[in-house]
Amino acid sequence: GHWVLRTCVVHPKWRGNGFQRELIRARIDYVKQRGAHTVSVWVKPTNTHSLNNLVEEGFRFRTDKPRMLDGAQHIGLHCSL
C-alpha cells in the first residue's frame, strides 16, 4: 500500500508548461490503480519548483527531518490517496 516515487525531470526547454504536474498526476493514478494508499517522495530543499508542484498536487511535508540520499540532503513529502 505504500509507494515511493523517484525522479521526475522535465527538460529545461519545456519547464514552465505544467508537464511536471501532469507527470505527478499520471504517476499517482498509476500507483492508485495498483493498490497504493500512500506515496512518498524525497526532494532536494533547493528544488523549490518541484516542492511547490508536489504541494499543489496534494503532498504534505513529513514530520521527520531531512536525510541524505545520493550524497545530497532531501526533504520528505507524503500523500494519502
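Computed from a prediction, not measured in an experiment: that's the story for all the values here.
Side-chain heavy atoms closer than 4.5 Å link hydrophobic residues (I, L, V, M, F, W, Y) into clusters, and following such links, even through other members, never connects W42 to L5. Note on L23: it does not cluster hydrophobically with Y30, by side-chain heavy-atom contacts below 4.5 Å among ILVMFWY residues.
A side-chain contact (heavy atoms from CB on, under 4.5 Å) with V43 is found for one member of T48, L77, I75 and no other, namely L77. Each of V41, V31, I28 was checked for a side-chain contact (heavy atoms from CB on, under 4.5 Å) with W3, and the lone residue meeting it is V31.
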Solution key, residues 8-15 side-chain donor-acceptor pairs under 3.5 Å, sequence neighbours excluded:
unit_1 : atom_1 : unit_2 : atom_2 : d
H11    : ND1    : K13    : N      : 3.0
R15    : NE     : V10    : O      : 2.7
R15    : NH2    : V10    : O      : 3.1

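The two atoms that bring Q73 and P45 nearest to each other are O-CD, 3.1 Å, heavy atoms only. The shortest non-hydrogen separation linking G58 to C79 is O-SG, 3.7 Å. Nearest heavy atoms, N53 versus Q20: ND2-OE1, 2.5 Å.
In this view, R6 and D70 satisfy the side-chain contact (heavy atoms from CB on, under 4.5 Å) rule, not counting sequence neighbours. A search for side-chain contact (heavy atoms from CB on, under 4.5 Å) contacts involving H37 returns nothing, not counting sequence neighbours. With sequence neighbours excluded, no residue satisfies salt bridge (charged side-chain N to carboxylate O under 4.0 Å, His left out) with R67. Every residue two or more places apart in sequence or in another chain that forms a side-chain contact (heavy atoms from CB on, under 4.5 Å) with S40 is listed here: H2, V4, R62, H78.
Interatomic distance, CG of L54 versus CZ of F61, reported as 8.5 Å (0.5 Å rounding).
With contacts defined as side-chain heavy-atom distances shorter than 4.5 Å, the pair L51/F59 does not qualify.
Other residues, nucleotides and ligands contribute over 12 non-hydrogen atoms within 6.0 Å of the CZ atom of F19.
Applying the salt bridge (charged side-chain N to carboxylate O under 4.0 Å, His left out) rule to pairs touching residues 22-33 yields R25-E57, sequence neighbours excluded.
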